[in-house]
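Source: prediction; values computed, not measured. Side chains are part of it too, since the values below use all heavy atoms of this structure and drop only hydrogens, waters and symmetry mates.
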Amino acid sequence: ALSSGQNSSLSQVNEYTRYYPLKEGNVWVYYVGTSFGPPYKLRKAVTTTLVTGGHKYYYINGYYHYRVDSLSANVYQYYPTGGCPWSNNERMIDSLSMRLNDTAWRNCGTSLFTCIDTNIRTVFTNQVRTKHFRYYGEGNVGNVYARDIGIVSAYGGSGQNFYAMELLG
């Protein structure tokens with residue numbers, strides 16, 4: 001076997017983790033429009049971390065704890081009382097390694113999602129690679145992730161109720 005003299009137990013990081021850069025102190029501000037009230041600004045920030053079960057999760061204020069697996073680039077949400085049988089205390093909500101038209105199960109196999117777009121978009125005057133995921137069985141729901149930025153757009157709803165949010169900064 002060849003040896004480079006470096007510690008071979010260090011794992012490689014999947015480049016797709018860059019689509020959701022979670023770090024304490026990160027802040028995203030969104031413009032949110034809804035069918036059930038006036039538009040408003042929403043500030044999401046990574047405020048703290050939680051280390052449990054050998055994983056480090058990042059808390060986004062008012063929401064949940066998330067982590068991006070460094071090998072698979074799967075996005076997991078921490079569920080202390082309701083994880084999946086094969087993934088104790090967490091549920092996969094996205095897979096950033098998916099390619100265009102790939103489909104996978106999310107939320108412990110209760111719903112499907114598909115990568116429906118991998119185009120380059122303009123975000124704050126910069127051209128960046130994005131991934132757009134559409135979730136099935138949850139109404140009309142989706143997220144758009146931009147490389148080195150995170151979620152730049154999200155939408156959801158069914159029937160008369162919907163929301164859409166776009167990153168402002």
Side-chain angles (χ1 to χ4, degrees), residues 1 3-30 32 42-118 123 128-139 141-156 163 165 167 169:
S3 174
S4 65
Q6 296 178 350
N7 185 346
S8 61
S9 67
L10 295 176
S11 61
Q12 292 183 347
V13 175
N14 185 316
E15 70 158 89
Y16 295 112
T17 62
R18 294 176 61 184
Y19 282 83
Y20 201 26
L22 295 174
K23 185 174 85 172
E24 204 165 348
N26 281 3
V27 176
W28 301 272
V29 177
Y30 297 94
V32 181
L42 173 66
R43 182 181 184 273
K44 291 184 173 186
V46 178
T47 56
T48 61
T49 60
L50 168 71
V51 177
T52 183
H55 300 296
K56 185 175 187 178
Y57 296 88
Y58 297 85
Y59 180 71
I60 297 179
N61 63 309
Y63 292 87
Y64 300 97
H65 288 87
Y66 299 95
R67 73 177 181 92
V68 180
D69 185 83
S70 62
L71 295 178
S72 67
N74 290 340
V75 180
Y76 290 95
Q77 185 175 348
Y78 179 63
Y79 274 85
T81 60
C84 303
W86 56 87
S87 187
N88 196 26
N89 295 329
E90 63 183 9
R91 295 181 184 186
M92 185 182 80
I93 59 169
D94 278 317
S95 183
L96 302 173
S97 291
M98 290 174 64
R99 299 179 192 275
L100 183 63
N101 297 320
D102 283 354
T103 299
W105 288 99
R106 70 189 299 259
N107 284 331
C108 302
T110 60
S111 61
L112 285 170
F113 68 107
T114 300
C115 180
I116 64 170
D117 184 22
T118 58
V123 180
V128 294
R129 176 70 62 188
T130 62
K131 289 195 175 212
H132 183 170
F133 296 101
R134 169 79 167 81
Y135 312 108
Y136 301 96
E138 301 176 30
V141 179
N143 280 338
V144 178
Y145 293 85
R147 186 181 174 110
D148 296 324
I149 297 171
I151 297 173
V152 295
S153 178
Y155 57 91
Y163 75 91
M165 65 184 214
L167 186 65

[atom1]-[atom2] distance between [X] and [Y], expressed to the nearest 0.5 angstrom:
X    : Y    : atom1 : atom2 : result
S70  : N14  : OG    : CG    : 8.5 Å
N101 : T118 : CG    : OG1   : 8.5 Å
L42  : Y63  : CG    : OH    : 4.0 Å
S95  : N74  : OG    : CG    : 4.0 Å
N143 : M165 : CG    : CE    : 7.0 Å
R147 : T130 : CZ    : OG1   : 12.0 Å

Which heavy atom in [X] sits nearest to a heavy atom in [Y], and how many Å separate them?
X   : Y   : answer
S97 : S72 : OG-O, 2.8 Å
L71 : D69 : N-OD2, 3.0 Å
R99 : Y16 : NH1-OH, 4.1 Å
W28 : L22 : CH2-CD2, 4.2 Å
N26 : P21 : ND2-O, 2.6 Å

Among Y20, Y135, Y66, whose side-chain hydrogen bond (donor to acceptor under 3.5 Å, both in side chains) with D94 holds?
->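 Only one of Y20, Y135, Y66 forms a side-chain hydrogen bond (donor to acceptor under 3.5 Å, both in side chains) with D94, namely Y135.
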With respect to Y57, which candidate in Q77, E90, H65 satisfies the side-chain hydrogen bond (donor to acceptor under 3.5 Å, both in side chains) definition?
->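 Result for side-chain hydrogen bond (donor to acceptor under 3.5 Å, both in side chains) with Y57: E90.
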Walk me through it: do N107 and T110 pass the test side-chain hydrogen bond (donor to acceptor under 3.5 Å, both in side chains)?
-> CA-CA 6 Å; N107 284 331; T110 60; 4.6 Å; no
Residue pair [X] / [Y], side-chain heavy-atom distance below 4.5 Å:
X    : Y   : answer
L96  : T17 : no
R129 : Y19 : yes
H55  : Y76 : no
W86  : M92 : no

side-chain contact (heavy atoms from CB on, under 4.5 Å) between R43 and V27: does it pass, once the steps are laid out?
-> CA-CA 7 Å; R43 182 181 184 273; V27 176; 3.5 Å; yes
Decide yes or no on side-chain contact (heavy atoms from CB on, under 4.5 Å) for T114 and F133, but give the supporting numbers first.
-> CA-CA 6 Å; T114 300; F133 296 101; over 6 Å; no
Only one of T48, V46, T47, I151 clears side-chain contact (heavy atoms from CB on, under 4.5 Å) with I60; which?
->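 Among T48, V46, T47, I151, the one that satisfies the side-chain contact (heavy atoms from CB on, under 4.5 Å) with I60 is V46.
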Under 3.5 Å, is there a donor-acceptor pair between the side chain of Y145 and the main chain of D148?
->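 A pair under 3.5 Å: no.
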Determine yes or no for a side-chain-to-main-chain donor-acceptor pair under 3.5 angstrom, with K131 supplying the side chain and M98 the backbone.
->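 Such a contact is found between K131 side chain and M98 backbone.
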Audit row: R106, Y136, side-chain contact (heavy atoms from CB on, under 4.5 Å) steps and yes/no | CA-CA 10 Å; R106 70 189 299 259; Y136 301 96; over 6 Å; no
Passes side-chain hydrogen bond (donor to acceptor under 3.5 Å, both in side chains), T52 versus N89? Steps please.
-> CA-CA 9 Å; T52 183; N89 295 329; 5.7 Å; no
